[in-house]
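Data block below; observations after.
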Amino acid sequence: MFWSLDCRESEPTLSGRAGYLPSWPAASGDGTTCVNPKVESWLISQQIPQFEDVKFEAASLLSELYCQENSVDAAKPLLRKAIQISQQTPYWHCRLLFQLAQLHTLEKDLVSACDLLGVGAEYARVVGSEYTRALFLLSKGMLLLMERKLQEVHPLLTLCGQIVENWQGNPIQKESLRVFFLVLQVTHYLDAGQVKSVKPCLKQLQQCIQTISTLHDDEILPSNPADLFHWLPKEHMCVLVYLAGYLEKAQKYTDKALMQLEKLKMLDCSPILSSFQVILLEHIIMCRLVTGHKATALQEISQVCQLCQQSPRLFSNHAAQLHTLLGLYCVSVNCMDNAEAQFTTALRLTNHQELWAFIVTNLASVYIREGNRHQELYSLLERINPDHSFPVSSHCLRAAAFYVRGLFSFFQGRYNEAKRFLRETLKMSNAEDLNRLTACSLVLLGHIFYVLGNHRESNNMVVPAMQLASKIPDMSVQLWSSALLRDLNKACGNAMDAHEAAQMHQNFSQQLLQDHIEACSLPEHNLITWTDGPPPVQFQAQNGPNTSLASLL
């Protein structure tokens, strides 16, 4: 996600001027070339002194036009020239620096973008605008997070926090800075897989957004022209956050955020709203798959496809995530060949280290379930070895790697080794409230103790696994736990408890089976075969599901 720096014009008449520029053909009727009015404005304005607003607005609009026409190489020198001659005009100098930094970011040249933002921060400090200095530094911090330069992020965020707290000005602008700062802090923690550590920041972010939603923008322009910016409109910030906790709450608040986005998109065609929508859908799809709503998840995957069809840039940024989601869906309906194809496609499309590790971990679990892919599996496990050089710093992904190794050792019958890996997973997952990993580890440990004949220890694992899985709620873990509880109580001679567990298992089986059939019957199910090019536009209906239901029974 990239920033959207909207600008407040120092003269109200300027904001509407671009809307009155006429459209123009490529050539006139007599064969002579017509001059683009924006080009002409830029050329003429450079020759007229004391005409800065028109001059720099022409440069800004012309560079946007070049970018729309994929002439980025023409836009960059134009912006550099405008930046060079605008140093006596703080508002335009800052705006043009932001614009050129955004252009470099879109080209994935994050080093150049960071350099420009650093220049902007120092310029804002010199002209006495601590507010815009904070915007430049926070924007730079966002790019450093994208580059995974975490050692540079921490001191920068510390400095930004001090600037934000010390700045006294427009309440909405101050809260906007605080939201930007907290979003980066939350992202920083989540990138590190530290779910428990992020909760205080997330709570502050929720409170901050509640505060900003109650403030009235009095439209009083700041006295310093360099302060004429804001990060995001207030309405956009309100969809940035939803309650993080158990998945039912995540689904509830994500649905609210998506409804708010739909309303905003009716009034505002900003591309960032589509980006927000895709990001929210990506997360809620994973929640649906865990909670046993595969059909809904598949329809939402199709919705992401439709959004990506409308924007090549959006598809370029989210293609790997889209194939990853399809891979997770394929696993949930036991289409393991298709899951492998989707994960392999996602790996080919991403250079994001955390996403790569997430995909590899899930692909390894597919190979484990297939049972006949030992060579490929050993190769993957060597690349995500949590005991040695794990490729990413994410606490969550490292804990998941321990779980996958424990799962593999279990299938190999190496139970002591499996217990060691799973206890390491439990230690890490408990430290950061990784509830699903905790539940999965507990039930697998319970299964191991059951196989070894230690029924008491097995029960001590399975009962809390069931309780946690029901809170999440995780349908697959509940199905697994209820089956183990049934067998445990049978083995211990507890007929009534065994009957109750068997009834629970039957109920979970029926819910998952019904959802499985519904999902596989949808025309969107054909998406599982898509592994190349842009998303398919239409889906052909199927006669019925063609996947095995054995794993659900």
Side-chain angles (χ1 to χ4, degrees), residues 2-24 34-107 109 112-124 127 129 131-133 135-136 139-140 143 221-222 224-233 236 268-272 313:
F2 190 58
W3 73 85
S4 172
L5 275 164
D6 293 323
C7 308
R8 300 181 180 185
E9 301 287 351
S10 56
E11 294 186 31
T13 56
L14 288 178
S15 60
R17 192 168 289 163
Y20 298 106
L21 288 174
S23 59
W24 59 91
C34 291
V35 179
N36 181 325
K38 296 178 183 178
V39 177
E40 190 173 13
S41 297
W42 166 242
L43 295 174
I44 293 174
S45 64
Q46 291 182 78
Q47 304 168 21
I48 304 174
Q50 306 302 319
F51 210 40
E52 281 79 5
D53 286 319
V54 172
K55 179 190 306 182
F56 299 127
E57 184 168 13
S60 176
L61 292 171
L62 182 55
S63 68
E64 289 178 5
L65 177 65
Y66 283 143
C67 291
Q68 291 169 10
E69 295 175 346
N70 295 318
S71 301
V72 176
D73 289 339
K76 285 189 287 189
L78 170 64
L79 286 173
R80 290 193 195 100
K81 173 65 174 176
I83 288 168
Q84 181 183 354
I85 62 176
S86 64
Q87 294 188 40
Q88 302 306 313
T89 312
Y91 164 72
W92 280 109
H93 190 67
C94 292
R95 178 168 171 174
L96 294 166
L97 281 167
F98 277 127
Q99 192 169 347
L100 184 55
Q102 184 163 7
L103 196 156
H104 280 298
T105 302
L106 293 174
E107 287 195 308
D109 183 3
S112 296
C114 281
D115 288 344
L116 283 165
L117 293 170
V119 169
E122 178 58 20
Y123 176 83
V127 298
S129 174
Y131 168 77
T132 301
R133 181 190 177 201
L135 281 179
F136 275 113
S139 300
K140 183 177 180 180
L143 297 191
L221 294 175
N224 189 335
D227 287 345
L228 291 165
F229 300 93
H230 60 268
W231 175 48
L232 282 177
H236 292 193
D268 185 351
C269 60
S270 172
I272 199 169
R313 179 172 291 152

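Residue indices begin at 1 and follow the sequence shown.
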List the atom of [X], the atom of [Y], and the distance in Å for their closest heavy-atom pair.
X      : Y      : value
Ile83  : Ser86  : O-OG, 3.1 Å
Phe56  : Leu96  : CD2-CD1, 4.1 Å
Ala124 : Phe136 : CB-CD1, 4.4 Å

- Look at the side chain of Thr105 and the backbone N and O of Ala101, then say whether any donor-acceptor pair between them is shorter than 3.5 Å. yes

- Query: Hey, does the side chain of Ser129 reach the backbone of Thr132 with a donor-acceptor pair shorter than 3.5 angstrom?
  - Reply: yes

- Note on the structure: Applying salt bridge (charged side-chain N to carboxylate O under 4.0 Å, His left out) to Glu107 and not counting sequence neighbours gives Lys76

- OG of Ser60 to CG of Leu65, rounded to nearest 0.5 Å, is 11.5 Å

- Item | Gap between atom SG of Cys94 and atom CG of Leu135 - 0.5 Å precision | 9.5 Å

- Between Phe229 and the options Trp92, Phe98, Tyr131, the ring pair (Phe, Tyr, Trp, His ring centres under 6.0 Å) test singles out Phe98

- How would you list, by chain and number, every residue that makes a side chain to side chain donor-acceptor pair (under 3.5 Å) with Ser112, sequence neighbours excluded? Asp109

- By side chain to side chain donor-acceptor pair (under 3.5 Å), which residues pair with Ser63, not counting sequence neighbours? Gln99

Do any side-chain atoms of residues 114-123 form donor-acceptor pairs under 3.5 angstrom with protein atoms, and if so which ones, sequence neighbours left out?
residue : atom : partner : partner atom : Å
Glu122  : OE1  : Arg125  : NE           : 3.2
Glu122  : OE2  : Arg125  : NE           : 3.3
Glu122  : OE2  : Arg125  : NH2          : 2.6
Tyr123  : OH   : Gln87   : O            : 2.8

- Item | Student check: side-chain heavy atoms of His93 and Val127 closer than 4.5 Å | no

- Heavy atoms from other residues, nucleotides or ligands near CZ of Arg313 exceed 12 (cutoff 6.0 Å): no

